[in-house]
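These numbers come from a predicted model, not from an experiment.
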Amino acid sequence: MQRFDSIRPYYDAEVNEAIYSAVNHPMMKAIMNFTFPELDDEIWKEQLKRTHSIRDFQCNFIYKALKKVLEKSSDGLSTSGFDALEKNTSYLFISNHRDIILDTSLLNACLFEHGLVMTASAIGDNLVKRDFMNTLAKLNRNFLVQRGLSPRELLQSSKLMAEYVGQLLLRENRSVWIAQREGRTKDGNDATHSGVLKMLAMGSDESNLMDYFKKIKIVPVSISYEYDPTDALKMPQLIAEANDEIYIKEKNEDFVTLLSGIIGQKKRIHIHVGDILDKELDKIAKDFDNTNKQVQALAQTIDDSILQSYKLWPTNYIAYDLLNKSTTYSHFYTDNEKSLFERRLEMKIDQNNPLMVESFLAMYANPVVNKYKYLNAN
């Protein structure tokens, strides 16, 4: 067994066999019938069976499925910042995290459309327990983040992943996507966890950590959805945390959330890729000689980039005003937009549960609070 076999996606030489193993699965049929409603099953099956690389699978099937998702459940995707990236160049995209599948899939669609290197993307192994999901993830160039480990296993797993990320970026010229924290942001407060950066640092082959981070070309990414299709599904965990209770997931919860993210209404979506961190890393190296302090400063730098470029929607401003019983941001939305949002709130959330109503509104309002806090501080 090779060093990264337990976490890596398929090699191209393994793709065709994997497709043959999955082509008759009911989930594959559901995806393909959704993507190509006009085609007989035998036609897309034949096309799939002629696929021999991850790139072909992504461009001919997943990209088209994603365009269908956008067409049916959104009012369109806008982007900014991609023109500053160079072709045939690998980057480490560190992104805020809202949706299990879409965050990374949408980024890759944008990279594909701009002729840029697409990513290998981190995914929690809790999301691919089913054989078909594991096959689909590996066909889509996902690598596994192992969850629920003992401290000793976590250390070994983190080192393995850090080395793999380094190998992808520096030797295979493959971009990498990783979320700024473990798991999705449930409360709208996007913050980079230093643990993610410490894990990446384990792959460093430089005496100065900031030199390594310069070499792997970190690009912060912000993604924002006008409507979060999984907003109501995030409530039970937020309520448990508010009551200082331990939250235990339902058996199929991850799978339900994953599907809801894909088919639920999102309205408008925006992705911004920031500038490559470079001079900022020189400054961090100059200001701090302690590695922990450097990592904290880097986390703050990534947060600053994400907050500054995060696209706020009318829903964010409406939620802020409803939560604070104010009209502070009423010039950013119409009466009709407010009525639609209030209707969503009534339909999805028990109005007799004030904590739930508050948590729902805060999820949409917190990006406003955080962005203006950042703008006022600078």
Side-chain angles (χ1 to χ4, degrees), residues 1-23 25 27-28 31-32 35 48-66 88-95 97 99-112 116-147 149 156-179 182 196 199-200 202-203 216 221 254-255 258 262:
M1 193 169 168
Q2 300 293 303
R3 178 134 176 79
F4 303 119
D5 281 359
S6 61
I7 61 170
R8 67 168 176 82
Y10 291 124
Y11 295 134
D12 281 345
E14 300 164 328
V15 163
N16 194 248
E17 187 183 338
I19 283 174
Y20 266 82
S21 76
V23 74
H25 194 283
M27 285 286 290
M28 186 66 90
I31 293 167
M32 293 303 152
T35 309
L48 263 179
K49 287 174 181 175
R50 289 200 294 270
T51 300
H52 290 269
S53 72
I54 286 183
R55 183 177 175 83
D56 282 353
F57 179 71
Q58 286 186 310
C59 300
N60 297 331
F61 299 97
I62 295 302
Y63 174 71
K64 289 176 180 174
L66 198 62
N88 305 315
T89 304
S90 62
Y91 300 99
L92 173 61
F93 296 102
I94 300 185
S95 165
H97 193 18
D99 186 89
I100 294 171
I101 295 290
L102 286 180
D103 293 355
T104 172
S105 301
L106 291 170
L107 173 67
N108 270 319
C110 298
L111 293 170
F112 173 55
L116 298 162
V117 175
M118 292 193 285
T119 71
S121 303
I123 191 169
D125 65 358
N126 56 306
L127 300 171
V128 293
K129 293 273 187 252
R130 301 170 183 219
D131 286 346
F132 176 78
M133 294 305 291
N134 190 38
T135 300
L136 190 62
K138 289 166 77 170
L139 281 171
N140 214 18
R141 217 187 300 276
N142 290 117
F143 60 92
L144 296 183
V145 181
Q146 294 161 315
R147 303 269 196 239
L149 302 176
Q156 290 171 331
S157 166
S158 297
K159 183 145 182 50
L160 183 70
M161 190 156 79
E163 287 175 15
Y164 184 59
V165 168
Q167 154 115 353
L168 288 167
L169 290 162
L170 300 172
R171 286 180 277 291
E172 297 183 22
N173 197 36
R174 168 64 55 196
S175 289
V176 171
W177 175 94
I178 194 164
E182 182 181 318
V196 171
M199 177 278 291
L200 292 167
M202 288 181 180
I216 60 176
V221 179
D254 286 329
F255 189 66
L258 184 152
I262 293 168

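For the atom pair CD1 of Ile62 and CZ of Arg55, the computed distance is 14.0 Å after rounding to the nearest 0.5 Å. Cys59 SG to Met118 CE: the interatomic distance, rounded to the nearest 0.5 Å, is 4.0 Å. Within the model, atoms OG1 of Thr35 and CZ of Phe61 stand 9.5 Å from one another, a figure rounded to the nearest 0.5 Å. Atoms CD1 and CD, from Ile19 and Glu17 in turn, are 11.0 Å apart once rounded to the nearest 0.5 Å. The line from CG of Asn140 to CZ of Phe57 is 6.5 Å long, rounded to the nearest 0.5 Å. To the nearest 0.5 angstrom, Thr51 atom OG1 is 11.0 Å from Asp12 atom CG.
The 12-atom threshold is not exceeded at CG of Asp131, counting heavy atoms of other residues, nucleotides or ligands nearer than 6.0 Å.
Put simply, the side chain of Arg174 reaches to within 4.5 Å of the side chain of Val117, judged on heavy atoms. At least one side-chain heavy atom of Leu144 sits less than 4.5 Å from a side-chain heavy atom of Ile123. Taking 4.5 Å as the limit, some side-chain heavy atom of Ile31 sits within range of a side-chain heavy atom of Leu136. Looking at heavy atoms from C-beta onward, Phe143 lies in side-chain contact with Val176 at the 4.5 angstrom threshold.
By the side-chain contact (heavy atoms from CB on, under 4.5 Å) test, Tyr20 pairs with Asn16, Lys49, sequence neighbours left out. The side chain to side chain donor-acceptor pair (under 3.5 Å) check on Asn142 picks up nothing, with sequence neighbours excluded. Checked against side-chain contact (heavy atoms from CB on, under 4.5 Å), Asn60 has the following partners two or more places apart in sequence or in another chain: Asp56. Applying the side-chain contact (heavy atoms from CB on, under 4.5 Å) criterion to Leu149, with sequence neighbours excluded, gives Gln146, Glu153, Leu154, Ser157. Judged as a side-chain contact (heavy atoms from CB on, under 4.5 Å), and not counting sequence neighbours, the contacts of Gln156 are Arg152.
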Handout entry: Residue pair Val15, Ser53: steps toward the side-chain contact (heavy atoms from CB on, under 4.5 Å) verdict
Key = CA-CA 6 Å; Val15 163; Ser53 72; 5.6 Å; no
Exercise for the section: Please lay out, stage by stage, how Gln167 and Arg3 fare under the test side-chain contact (heavy atoms from CB on, under 4.5 Å). Expected result: CA-CA 11 Å; Gln167 154 115 353; Arg3 178 134 176 79; over 6 Å; no
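Classified by interplanar angle (parallel below 30°, tilted 30° to 60°, perpendicular above 60°), the ring pair Trp177/His97 is perpendicular.
Applying the salt bridge (charged side-chain N to carboxylate O under 4.0 Å, His left out) test to residues at least two apart or on different chains, the pairs with a partner in residues 138-147 are Arg147-Glu182.
Minimum heavy-atom separation, Ala162 to Leu200: CB-O, 4.1 Å.
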